[in-house]
**Student:** 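My structure is below; once you've seen it, I'll send some questions.
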Amino acid sequence: MGFHGEQQDTSSPGRLRLLALVDEAAADSREEFDPLVELSPQERRDVITLPASIARLTSVRHLRLYGSNLVRIPPEIGAMSSLEEFTPYTSHRLHWFPYEISRCSRLVRSTVSTRSLFGNFKLRPPFPRLRSTGGLAPGGSLTALDPKKWGAAAVSTCSVCDVPVEGPELHQRWISLAVATDVLPLLVNACSAACVAALPPAAADHVPGPRGGWDVVQPPAEWA
């Protein structure tokens, strides 16, 4: 198990259509956003992550991403302050979520394909090993990362305190938390050891704060 390394083609038809749909949803303050149903099969395959502009969807109460080709959810989902229901069901390439989703304080319902998640209690697949701090990219930049190594193409703000992360120091941790009706593996991109220390306790029967790798001992799988 590891991070998907695909980079989003920002000029693809599917991506451009999705950007337009986000703009429309933000303009009309809609409460349900189900963008993939408006894309052709090829356009759906084009989309491997949502745009950062989803931060503007502050009226959306239900985000539906059924059967997507997504490999990452951007941290900007944490700005969707009205979000109550999240449905990425059968999006089997989504193995983890950004810690920022825990900021969605109204989120109470979720439908996630849990067997696809890192560390899930049914199968206990391993978490990808996280890298040590420093030496991220030439010049210490956090704006041109390899997502196969870091889980994201760029990191701009701290997952915990939301201040800008200027690099080259980046503290990454895994944490499994109850989010709505599921326990989700969340990737933390923190600006400091103090922010890592401020993380809440992990969900019961899940490893607290692993750095990842095959050597992490997890509780037995439900089907072991």
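If you read the sequence from its start, that first residue is 1, and numbering goes on from there. This is a predicted model, so every value here is computed, not measured. No hydrogens, no waters, no symmetry mates; every other heavy atom, side chains included, goes into these values.
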**Student:** What about V112 and I77, same hydrophobic cluster or not, with Ile/Leu/Val/Met/Phe/Trp/Tyr joined at side-chain heavy-atom distances under 4.5 Å?
**Tutor:** yes

**Student:** Could you check whether any side-chain N or O of R124 sits under 3.5 Å from a backbone N or O of G119, counting only pairs where one atom can act as donor and the other as acceptor?
**Tutor:** yes

**Student:** Could you state the interatomic distance from CZ (R211) to CG (D215), rounded to the nearest 0.5 Å?
**Tutor:** 11.5 Å

**Student:** Kindly say whether H4 contributes a backbone atom to a donor-acceptor pair with the side chain of R72 at under 3.5 angstrom?
**Tutor:** yes

**Student:** Say whether V179 and V60 are linked into one hydrophobic cluster, either directly or through other cluster members, by side-chain heavy-atom distances under 4.5 angstrom.
**Tutor:** yes

**Student:** Applying side-chain contact (heavy atoms from CB on, under 4.5 Å) to V22 and L57, what does each step give before you reach the verdict?
**Tutor:** CA-CA 8 Å; V22 172; L57 302 180; 4.2 Å; yes

**Student:** Measuring only between side-chain heavy atoms, which start at C-beta, is F33 closer than 4.5 Å to H62?
**Tutor:** no

**Student:** Are V207 and V183 joined in one hydrophobic group, where the rule is that I, L, V, M, F, W and Y side chains link up if heavy atoms are under 4.5 Å apart?
**Tutor:** no

**Student:** Are the side chain of E43 and the backbone N or O of L18 linked by a donor-acceptor pair below 3.5 Å?
**Tutor:** no

**Student:** Any non-hydrogen side-chain atom of V47 less than 4.5 Å from a side-chain atom of S68?
**Tutor:** no

**Student:** Can you name the one residue among D146, V71, L130 that meets side-chain contact (heavy atoms from CB on, under 4.5 Å) with F3?
**Tutor:** L130

**Student:** Less than 4.0 angstrom from a charged side-chain N to a carboxylate O is my criterion; do R17 and D46 meet it?
**Tutor:** no

**Student:** Ignoring hydrogens and angles, state whether a donor on the side chain of N120 or T114 is under 3.5 Å from an acceptor on the partner side chain.
**Tutor:** no

**Student:** Under the criterion side-chain contact (heavy atoms from CB on, under 4.5 Å), which of T90, L94, D182 is the partner of S113?
**Tutor:** T90

**Student:** If you apply the rule side chain to side chain donor-acceptor pair (under 3.5 Å), what do you find for E100 with S159, and how did you get there?
**Tutor:** CA-CA 6 Å; E100 286 81 350; S159 298; 2.9 Å; yes

**Student:** Could you measure the distance from the NE2 atom of H95 to the CG atom of L187? Nearest 0.5 Å is fine.
**Tutor:** 13.5 Å

**Student:** Of all heavy-atom pairs between A180 and S110, which one has the smallest distance, and what is that distance?
**Tutor:** CB-OG, 3.5 Å

**Student:** R44 side chain to G67 main-chain N or O, any donor-acceptor pair under 3.5 Å?
**Tutor:** yes

**Student:** Is Q8 reaching over with its side chain to a backbone N or O of T49, donor-acceptor style, under 3.5 angstrom?
**Tutor:** yes

**Student:** Could you state the interatomic distance from OG (S53) to CG (L21), rounded to the nearest 0.5 Å?
**Tutor:** 10.5 Å

**Student:** Is it true that a side-chain atom of E31 and a backbone atom of S59 form a donor plus acceptor pair closer than 3.5 Å?
**Tutor:** no

**Student:** Could you grab the distance from atom CG of L184 to atom NE2 of H206, nearest 0.5 Å is fine?
**Tutor:** 9.5 Å

**Student:** Does either side chain, that of S81 or that of T58, offer a donor lying less than 3.5 Å from an acceptor on the other one?
**Tutor:** no

**Student:** Using only atom types and a distance under 3.5 Å, with no angle test, would you say the side chain of R93 pairs donor to acceptor with the backbone of N69?
**Tutor:** yes

**Student:** Does I73 share a hydrophobic cluster with L39, counting links as ILVMFWY side-chain heavy atoms below 4.5 Å and allowing steps through other members?
**Tutor:** yes

**Student:** For H92 and S116, test the side chains for any donor-to-acceptor distance below 3.5 angstrom and give the result as yes or no.
**Tutor:** yes

**Student:** With rounding to the nearest 0.5 angstrom, report the CE to SG distance, M80 to C104.
**Tutor:** 7.0 Å

**Student:** Taking the six-membered ring for Trp, is the centroid-to-centroid distance between F127 and W96 below 6.0 Å?
**Tutor:** no

**Student:** Of all the heavy-atom pairs spanning P147 and Q7, show the shortest one and how long it is.
**Tutor:** CD-NE2, 3.2 Å

**Student:** Take V108 and F86 through the side-chain contact (heavy atoms from CB on, under 4.5 Å) test and state the conclusion after the steps.
**Tutor:** CA-CA 9 Å; V108 294; F86 181 44; over 6 Å; no

**Student:** Between the main-chain N or O of Y89 and the side-chain N or O of T87, is there a donor-acceptor pair closer than 3.5 Å?
**Tutor:** no

**Student:** If you measure from the Lys or Arg side-chain nitrogens to the Asp or Glu carboxylate oxygens, is any gap between R30 and D28 under 4.0 Å?
**Tutor:** yes

**Student:** Should the pair E84-R61 be classified as a salt bridge under the 4.0 Å nitrogen-to-oxygen rule?
**Tutor:** yes

**Student:** State yes or no: do V188 and L177 share one hydrophobic cluster built from I, L, V, M, F, W and Y residues joined by side-chain heavy-atom distances below 4.5 Å, directly or via other members?
**Tutor:** yes

**Student:** Taking the six-membered ring for Trp, is the centroid-to-centroid distance between F118 and W174 below 6.0 Å?
**Tutor:** yes

